[in-house]
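These notes concern the structure reproduced below.
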Number of protein chains: 2
Amino acid sequence: MDALAQVLTEHGYEGTTTARVAERAGVSIGSLYQYFPNKEALVAALIEQQAAKLAADFDQALAGCASLEDGLRALVRTAMGARPMDPALHRILNEQVPRVGRVAEAMAASRCIEQAIARLLQAHRHRLPAERDPVRAALVLETALEALVHKSVNGRPELLAGLEEELYALAAGYLMAP
Amino acid sequence: MDALAQVLTEHGYEGTTTARVAERAGVSIGSLYQYFPNKEALVAALIEQQAAKLAADFDQALAGCASLEDGLRALVRTAMGARPMDPALHRILNEQVPRVGRVAEAMAASRCIEQAIARLLQAHRHRLPAERDPVRAALVLETALEALVHKSVNGRPELLAGLEEELYALAAGYLMAP
DNA sequence: ACCTGAACACCGTTCAAGT
DNA sequence: ACCTGAACACCGTTCAAGT
């Protein structure tokens, strides 16, 4: 995994050959194929590793929030701080997510995050309008925040300044509208 | 472009070889490379074609909206109806967008859509809170709606039922919050 | 001017042989 | 049991030869 992360960062996805990863890891190409059935599975393993770490971050951040407002602020902060190590690596992996298998376990981590958000919303459901289902709202928020952080990190850096307040307004307006 | 679209739909991105596209188009592989420098440029051309069409849809839908509410409803409807032809093809192309060149012209279409939304918001800026910048809000809305429609079409179909009202609540709550 | 397709370079994957 | 790397299959791309 470390060798893969290094090669991806240095050469991008297309430039990442199984031979290069094996060489960097100090094993033969045959050995690599003993542990991973193909290149896709190799990349998927790294994606799952990062996704699991991210899901744990959300779980921890949202666990003990007293008010809905505190919870939303923690949610926004965690979403924005979700640039674990190298942003370039994060970007490369994100681009590969849709193409890796059935999105498999990366989707599982995404569902974990949704569930953490859903628990927060359920704990304060008396604050939400009647028509706002907490589980569905959690999916909406996770998707929207993830897309906005992603776009601001990659491609549209002018979004980054003041994004935190913007995301809070988006979440709060959606959840607590008349 | 037609041959490419067919082969992509039938075989997916990995299964789409330049040889197969050339064969389907009824030309030799050499001819294909006379018009497109490489496979990426070939796919990029199809992406640009679809993106331009989408941008035109938004321009038209948002042009003559009397009220902000009408405009937002048109925005949500257009975003949801943005499944031009084959949804499978749309999905395959979307997955390739981040990997195609500098995102080049697909990004240009995305900016056209943002500008169409920004014009709508600017026309009704007296309805927005003072801290809500129309240009930035347009970028936020475009990103969030696109991500939610994309996720509901691909991967999470349970989102689709009632999504239109959900998106409207998200947009209206964000724009017209206290 | 434009087309053709055999040939080339390269990469993912396998498997017979080694330890 | 596990490792090795030459060999294979396949795909993107080129270019000498044809029209």
Side-chain angles (χ1 to χ4, degrees), chain A residues 1-51 86 88-89 91-106, chain B residues 1-51 86 88-89 91-106:
Chain A
M1 287 301 98
D2 287 348
L4 172 62
Q6 288 174 31
V7 176
L8 278 172
T9 311
E10 284 169 31
H11 298 95
Y13 186 79
E14 301 293 348
T16 296
T17 66
T18 52
R20 256 205 267 253
V21 174
E23 185 195 355
R24 180 65 58 98
V27 299
S28 72
I29 181 67
S31 275
L32 191 151
Y33 273 87
Q34 195 165 344
Y35 295 98
F36 300 95
N38 51 47
K39 183 182 177 180
E40 190 172 294
L42 186 70
V43 176
L46 184 57
I47 289 176
E48 286 171 32
Q49 181 182 298
Q50 307 255 111
D86 198 336
L89 175 60
R91 195 173 93 95
I92 291 169
L93 290 180
N94 255 326
E95 289 173 4
Q96 298 309 320
V97 167
R99 300 186 38 197
V100 146
R102 290 265 114 222
V103 196
E105 296 295 330
Chain B
M1 285 302 98
D2 287 348
L4 173 62
Q6 288 174 31
V7 176
L8 278 172
T9 311
E10 284 168 31
H11 298 94
Y13 185 79
E14 300 293 349
T16 296
T17 66
T18 51
R20 255 205 267 255
V21 174
E23 185 196 356
R24 180 65 58 97
V27 299
S28 71
I29 180 68
S31 275
L32 190 151
Y33 273 88
Q34 194 164 346
Y35 295 99
F36 300 95
N38 50 47
K39 183 182 177 180
E40 191 172 293
L42 186 69
V43 176
L46 184 57
I47 289 177
E48 286 172 31
Q49 180 182 299
Q50 306 255 109
D86 197 337
L89 175 61
R91 195 173 91 95
I92 291 168
L93 290 180
N94 255 325
E95 290 173 3
Q96 298 310 320
V97 167
R99 298 187 39 195
V100 146
R102 291 262 116 224
V103 196
E105 296 295 330

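Only heavy atoms go into these numbers, but all of them, side chains included; no hydrogens, no water, no symmetry mates. Chain A is the first sequence line, chain B the second, and so forth, proteins listed ahead of strands; every chain is numbered from 1.
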Would you kindly give the [atom1]-to-[atom2] distance between [X] and [N], to the nearest whole Å?
{"X": "B/Q34", "N": "D/dC15", "atom1": "CD", "atom2": "P", "result": "14 Å"}
{"X": "A/N38", "N": "C/dT14", "atom1": "CG", "atom2": "P", "result": "8 Å"}
{"X": "B/E40", "N": "D/dG12", "atom1": "CD", "atom2": "C1'", "result": "12 Å"}
{"X": "A/Y13", "N": "C/dC11", "atom1": "OH", "atom2": "P", "result": "13 Å"}
{"X": "B/H11", "N": "D/dC10", "atom1": "NE2", "atom2": "C1'", "result": "15 Å"}
{"X": "B/F36", "N": "C/dC2", "atom1": "CZ", "atom2": "C1'", "result": "16 Å"}

Subject >> Watson-Crick or G-U stems of DNA chain C, 3 or more pairs, under 3.5 Å, by first number >> reply: C:4-8 with D:12-16, C:12-16 with D:4-8

Original post:
Are OP1 or OP2 of D/dC2 and a side-chain N or O of A/Y35 less than 4.0 angstrom apart?
Top reply: no

Original post:
Below 4.0 angstrom from OP1 or OP2 of D/dT14, is there any side-chain N or O of B/Y33?
Top reply: no

Can you name the nearest heavy-atom pair linking [X] to [Y], along with the distance?
{"X": "A/F36", "Y": "A/A41", "result": "CD2-O, 4.1 Å"}
{"X": "B/R24", "Y": "B/A3", "result": "CG-CB, 3.7 Å"}
{"X": "A/T18", "Y": "A/K39", "result": "CG2-CB, 4.0 Å"}

Under 4.5 Å between any side-chain heavy atoms of [X] and [Y], yes or no?
{"X": "B/Q96", "Y": "B/L93", "result": "no"}
{"X": "A/I29", "Y": "A/V21", "result": "no"}
{"X": "A/Y35", "Y": "A/V27", "result": "no"}
{"X": "A/T16", "Y": "A/V43", "result": "no"}

Subject >> Pairwise distance OG1(A/T9) to CD1(A/I92) - rounded to 0.5 angstrom >> reply: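 It comes to 6.0 Å.
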
Original post:
Among residues 17-29 of chain A, which contact DNA chain C at a heavy-atom distance under 4.0 Å?
Top reply: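 When residues 17-29 of chain A is checked for heavy atoms under 4.0 Å from DNA chain C, the hits, listed by number, are A/T17, A/T18, A/I29.
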
Original post:
Is the number of heavy atoms from other residues, nucleotides or ligands within 6.0 Å of CD (B/E23) greater than 12?
Top reply: no

